[in-house]
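Comments concern the structure below.
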Amino acid sequence: MSRRLTGFTPSGDLHLGNYLGAIRPVLADQASDDTDTVVFVSDLHALTLHHDPAEVRRRTLEFATLLLAAGLDPDAGLFMVQSHVPEHTELHYLLECLTGYGEAQRMIQFKEKSGRQRQVRTSLLTYPILMAADILLYDTDEVPVGEDQRQHVELARDVAVRFNTHYGATFTVPRAVHPAVAARVMDLSSPARKMSKSASSAAGALRLLDQPDALRRKIMRAVTDAGSAVAYDPDRSPGVANLLDILAGCTGARPADLAARFDGYGELKRAVADAVVDTLSPIRTRYLRLASDPDHVRAVLRAGAKRARERAADKVCRARSAIGLLPA
Ligand code: TRP
């Protein structure tokens, strides 16, 4: 049995790329006997950049509701909101004591994000250490992540090994894994960049909560290429290749096989629109039903946090004792 952990940071809008690349693989893991899952909404991570408190609160509930609407089983494995399990922040501090300042500063994502801002929050620097705490708290074996987060999982690995070496075997050493299918769904209007949760990419992102006609409109307007023949060539025809990847992700067929079925871009786009609407509209419908009873979702989250705390408390207790804190 191996354990996989996935976090969703409640900023921006969840989109088809998140569904195909992160949510659906969790559902598959939950259905299999050899993988145990830990899934959480990483609300603390949404505080590392300028944020609006009401917006973070609203998104946290929205993300949790969407995960349930997508079919996540809250009783298979763990499912909770990160801040409801204070052990994450407690372990974060202990792991800060094993992380070099320079080591944190070397994170590429920190360099990129901090370079774009005037006021950089300290939490943006230490955020990968919080991520390490998220991972190590639950004896995670595998962390499915995109390329942009790989370095953070490496840090978690390094910190786990260091802790175990200096203070005794305490943590499972995790590794990053890459989701097999459609790991990269690109933006429809600029296929050189990944589909993004941020508001500025609304035209190119297929959001899980978009109405069916909005999904269709965005797909029909997707950037293709100068030619007209449908071929799967991600380097020369990235827009068309992305549409084929999306269709493949929704239908289970292979993108290169799909290409042969279409004579022109219009026909391809209509097929993609149908497949995306078929995939997302049941999720949206279930979301609207669940969202009409937020107390139910919050009760699910409370129960999830309670179970997570039982496991997390045990681990933090061992870490505290190993690192030299006097028991109370
Ligand atoms: N940082 C991830 C993101 O922004 C979310 C996340 C938080 C995470 N903690 C994690 C992912 C731990 C994997 C493991 O998408």
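All of these numbers come straight from a predicted model, not from anything done at the bench. We count ligands from 1, going down the list as the structure has it; atoms in each ligand are counted the same way.
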For residues 276-284, which side-chain donor-acceptor pairs fall under 3.5 Å, sequence neighbours excluded?
{"from": "T279", "atom 1": "OG1", "to": "A275", "atom 2": "O", "distance (Å)": "2.8"}
{"from": "S281", "atom 1": "OG", "to": "V277", "atom 2": "O", "distance (Å)": "2.8"}
{"from": "R284", "atom 1": "NE", "to": "L209", "atom 2": "O", "distance (Å)": "3.2"}

If you draw a 6.0 Å radius around CG in L325, do more than 12 non-hydrogen atoms from other residues or ligands fall strictly inside? yes

Of K315, R311, R318, R4, which is the lone residue that meets salt bridge (Lys or Arg N to Asp or Glu O under 4.0 Å) with D139? K315

Below 4.0 angstrom, N of the basic side chain to O of the carboxylate: do R150 and E147 qualify? yes

Please tabulate, for the side chains in residues 62-75, all donor-acceptor contacts under 3.5 angstrom to protein atoms that are two or more places apart in sequence or on a different chain.
{"from": "E62", "atom 1": "OE1", "to": "R58", "atom 2": "NH1", "distance (Å)": "3.3"}
{"from": "E62", "atom 1": "OE2", "to": "R59", "atom 2": "NH1", "distance (Å)": "3.1"}
{"from": "T65", "atom 1": "OG1", "to": "L61", "atom 2": "O", "distance (Å)": "2.7"}
{"from": "D73", "atom 1": "OD1", "to": "D75", "atom 2": "N", "distance (Å)": "2.9"}

Using a cut-off of under 3.5 Å, which N/O atoms of ligand 1 pair up with protein N/O atoms, and what distance separates each pair?
{"from": "ligand 1", "atom 1": "1 (N)", "to": "Y127", "atom 2": "OH", "distance (Å)": "2.7"}
{"from": "ligand 1", "atom 1": "1 (N)", "to": "Q149", "atom 2": "OE1", "distance (Å)": "3.4"}
{"from": "ligand 1", "atom 1": "4 (O)", "to": "T9", "atom 2": "OG1", "distance (Å)": "3.2"}
{"from": "ligand 1", "atom 1": "9 (N)", "to": "H45", "atom 2": "NE2", "distance (Å)": "3.4"}
{"from": "ligand 1", "atom 1": "9 (N)", "to": "D134", "atom 2": "OD2", "distance (Å)": "2.7"}

Please list, one pair per line, the donor and acceptor atoms closer than 3.5 Å that link side chains of residues 126-136 to other protein atoms, with sequence neighbours excluded.
{"from": "T126", "atom 1": "OG1", "to": "T122", "atom 2": "O", "distance (Å)": "3.4"}
{"from": "Y127", "atom 1": "OH", "to": "Q149", "atom 2": "NE2", "distance (Å)": "3.3"}
{"from": "D134", "atom 1": "OD1", "to": "Q82", "atom 2": "NE2", "distance (Å)": "2.9"}
{"from": "D134", "atom 1": "OD1", "to": "H88", "atom 2": "ND1", "distance (Å)": "2.7"}
{"from": "D134", "atom 1": "OD2", "to": "H45", "atom 2": "NE2", "distance (Å)": "2.9"}
{"from": "D134", "atom 1": "OD2", "to": "Q82", "atom 2": "NE2", "distance (Å)": "3.2"}

